[in-house]
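Predicted model only: the values in this text are computed from it and were never measured. Here is the naming used below: chain letters follow the sequence lines, and residue numbers restart at 1 for every chain.
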Protein chains: 2
Amino acid sequence: MAEHQHTHDTKPLTKNQRLVLERLEKTDGPLSAYSILDELRDQGFRAPLQVYRALEKLVDVGLVHRLESLNAFVACRHPSCQNHQSIAFAICEQCGSVKEFSEARIAEDLTSWAAETGFMLKKTTIELRGLCKDCVAKA
Amino acid sequence: MAEHQHTHDTKPLTKNQRLVLERLEKTDGPLSAYSILDELRDQGFRAPLQVYRALEKLVDVGLVHRLESLNAFVACRHPSCQNHQSIAFAICEQCGSVKEFSEARIAEDLTSWAAETGFMLKKTTIELRGLCKDCVAKA
DNA sequence: GCAATAGACGTAATAGTATAACATTAACAA
DNA sequence: TTGTTAATGTTATACTATTACGTCTATTGC
Ligand SMILES: [Zn+2]
Ligand SMILES: [Zn+2]
Ligand SMILES: [Zn+2]
Ligand SMILES: [Zn+2]
């Protein structure tokens with residue numbers, strides 16, 4: 001699994017990539033590509049492709065993650081930048097918060113399932129839906 | 001986690017629901033809502049909503065699963081209809097095949113993570129991408 | 001310096017996915 | 001019958017993503 005490598009030996013970010021990343025880092029929750037576009041119109045963004053191209057690169061280098069079940073994107077909040085396997089996301093259906101986490105055991109389980117089955121694993125998507133601690137308390 | 005219950009004490013399927021389910025069961029891989037629509041025009045389907053409404057119900061009762069990372073749907077192939085936790089899907093990027101499986105350990109890991117974190121887990125999405133055994137052999 | 005190349009960018013058009021809103025019909029109980 | 005609910009039909013619209021093509025700029029090789 002080559003995902004989420006955070007290799008810092010890559011080229012510096014371009015202007016558009018930096019603007020998109022900064023916008024995501026300023027936000028707590030996930031953002032859709034089109035809402036990023038709307039918020040960057042003042043900086044000269046005019047078309048979806050400007051956002052999608054930047055996102056593609058940012059996801060590629062691991063600075064941003066895509067949430068498949070939301071069609072949205074979040075800045076990577078993982079404390080360290082070392083390689084880690086099988087990132088997972090817990091998405092609160094009440095407040096929209098997203099918590100990124102990584103459990104070694106889950107990665108091991110998936111890897112061993114793949115080995116037993118002969119499946120060549122390239123990428124995993126793990127997204128949990130429910131209520132975060134705060135929202136459970138309020139309910 | 002209340003997903004994938006296959007409760008058979010529910011109302012019988014309506015005509016549209018039955019047509020959509022049969023179409024999915026006839027197909028090996030996943031289908032998008034719009035390709036289902038196209039294939040059911042002969043049976044009187046005219047608009048996306050007819051498909052989406054049927055799919056919503058079918059997903060709800062566990063006869064169909066939605067693949068978030070593909071925006072597509074598959075009929076449930078799980079051998080038994082008993083309740084099971086944490087279904088996962090292995091999607092081949094070469095041939096498009098989808099293998100549904102269920103690992104108790106993964107469900108346990110996620111459940112215990114949720115308990116420790118105070119997250120109230122309602123639904124899990126686990127989708128693996130890579131190459132299936134057959135496609136690895138051919139490569 | 002000056003082509004040639006590659007990469008990022010800009011822009012317009014289009015493809016693909018999903019839902020809102022409202023009218024109609026069928027099922028069924030009071 | 002009449003009121004009520006659920007399913008359906010239909011139109012329009014919103015949201016997400018990519019194709020295609022042209023421009024600009026940096027870098028490389030001569
Ligand atoms: Zn991360
Ligand atoms: Zn919450
Ligand atoms: Zn299933
Ligand atoms: Zn395959």
Side-chain angles (χ1 to χ4, degrees), chain A residues 9-24 27 29-61 63-74 91 93 96 98 123 125 127 129, chain B residues 9-24 27 29-61 63-74 91 93 96 98 123 125 127 129:
Chain A
D9 50 31
T10 53
K11 280 187 283 192
L13 298 180
T14 67
K15 185 186 171 200
N16 285 358
Q17 290 159 9
R18 191 169 36 73
L19 286 167
V20 169
L21 179 59
E22 286 170 358
R23 194 65 203 76
L24 281 169
T27 309
L31 291 175
S32 76
Y34 276 78
S35 67
I36 295 172
L37 171 59
D38 284 339
E39 303 203 37
L40 290 181
R41 289 202 189 274
D42 293 343
Q43 339 288 326
F45 275 55
R46 314 287 322 224
L49 213 51
Q50 297 176 279
V51 178
Y52 280 108
R53 288 204 269 233
L55 285 171
E56 182 180 21
K57 178 67 180 300
L58 292 168
V59 168
D60 218 50
V61 300
L63 291 171
V64 166
H65 300 300
R66 179 195 168 88
L67 298 171
E68 301 287 351
S69 65
L70 289 177
N71 293 329
F73 302 83
V74 283
I91 301 165
E93 290 177 333
V98 173
K123 182 181 188 306
T125 297
E127 296 178 16
R129 305 297 281 262
Chain B
D9 49 31
T10 53
K11 280 186 282 191
L13 298 179
T14 67
K15 184 186 171 201
N16 286 357
Q17 291 159 8
R18 190 170 37 72
L19 286 168
V20 169
L21 178 59
E22 285 170 357
R23 195 63 202 77
L24 281 169
T27 309
L31 292 176
S32 76
Y34 276 77
S35 67
I36 294 172
L37 172 59
D38 284 340
E39 304 201 37
L40 291 180
R41 289 201 188 275
D42 294 343
Q43 339 287 326
F45 275 55
R46 314 288 321 226
L49 217 50
Q50 295 175 283
V51 178
Y52 280 108
R53 288 203 270 233
L55 285 172
E56 182 180 19
K57 178 66 180 298
L58 293 169
V59 168
D60 218 50
V61 301
L63 291 172
V64 166
H65 300 300
R66 181 194 167 88
L67 298 171
E68 302 286 352
S69 65
L70 289 178
N71 292 329
F73 301 83
V74 282
I91 302 165
E93 290 177 332
V98 174
K123 181 180 189 308
T125 296
E127 296 178 16
R129 305 295 283 262

Rounded distance (nearest 0.5 Å) linking atom CD of Gln43(B) with atom CG of Leu19(B):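 If I round to the nearest 0.5 Å, the distance is 6.0 Å.
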
From CD (Glu22(A)) to CG (Leu40(A)), nearest 0.5 Å: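 If I round to the nearest 0.5 Å, the distance is 9.5 Å.
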
Where Val74(A) and Pro30(A) come nearest, the two heavy atoms and their spacing: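 Minimum heavy-atom separation between Val74(A) and Pro30(A): CG1-CA, 3.4 Å.
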
Shortest non-hydrogen contact from Gln17(B) toward Leu13(B):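 Of all heavy-atom pairs spanning Gln17(B) and Leu13(B), the closest is OE1-CA, 3.5 Å.
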
Whole angstrom is fine here: how far is it from [atom1] in [X] over to [atom2] in [N]?
{"X": "Asn71(A)", "N": "dA14(D)", "atom1": "CG", "atom2": "P", "answer": "18 Å"}
{"X": "Lys15(A)", "N": "dA26(D)", "atom1": "NZ", "atom2": "C1'", "answer": "17 Å"}
{"X": "Leu13(B)", "N": "dA6(D)", "atom1": "CG", "atom2": "P", "answer": "17 Å"}
{"X": "Leu40(B)", "N": "dG9(D)", "atom1": "CG", "atom2": "C1'", "answer": "15 Å"}
{"X": "Arg18(B)", "N": "dT8(D)", "atom1": "CZ", "atom2": "P", "answer": "11 Å"}
{"X": "Leu70(B)", "N": "dT16(D)", "atom1": "CG", "atom2": "C1'", "answer": "15 Å"}
{"X": "Glu56(B)", "N": "dA6(D)", "atom1": "CD", "atom2": "P", "answer": "14 Å"}

Touch class at under 4.0 angstrom, heavy-atom based, for Arg66(B) against every strand present: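 Sugar-phosphate: the residue Arg66(B), judged by heavy atoms under 4.0 Å, touches backbone atoms but no base.
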
Within residues 42-53 of chain A, residues whose heavy atoms come under 4.0 Å of DNA chain D: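 Within residues 42-53 of chain A, the residues near DNA chain D are Leu49(A), Tyr52(A).
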
Segment of DNA chain C, first to last nucleotide, that comes within the 4.0 Å heavy-atom reach of chain B: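 On DNA chain C, the outermost contacted nucleotides are dT17(C) to dA21(C).
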
Base dA14(D) to side chain Tyr34(A), donor-acceptor N/O within 3.5 Å cut-off: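 Such a pair does not exist between side chain and base.
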
The single option from Thr27(A), Leu31(A), Leu58(A), Val59(A) passing side-chain contact (heavy atoms from CB on, under 4.5 Å) against Phe73(A):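 It is Val59(A); the other options fail the test.
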
Ion pair Glu68(B)/Arg66(B), N-O distance below 4.0 Å: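 Yes, Glu68(B) and Arg66(B) are salt-bridged.
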
Under 3.5 Å, sequence neighbours excluded: what are the donor-acceptor pairs made by side chains of residues 45-53 of chain B?
from     : atom 1 : to       : atom 2 : distance (Å)
Gln50(B) : OE1    : Arg46(B) : N      : 2.6
Gln50(B) : OE1    : Ala47(B) : N      : 3.0

Under 4.0 angstrom between Asn16(B) side-chain N/O and dA7(D) OP1 or OP2: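 So the side chain of Asn16(B) is outside the cut-off, no N or O lying under 4.0 Å from OP1 or OP2 of dA7(D).
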
Test item: Asn71(B) and Ser32(B) side chains (from C-beta on) under 4.5 Å apart, heavy atoms: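 SC-SC contact between Asn71(B) and Ser32(B) ruled out.
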
CD/Glu56(A): more than 12 non-hydrogen atoms of other groups inside 6.0 Å: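 For Glu56(A), atom CD is not crowded (no more than 12 foreign heavy atoms under 6.0 Å).
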
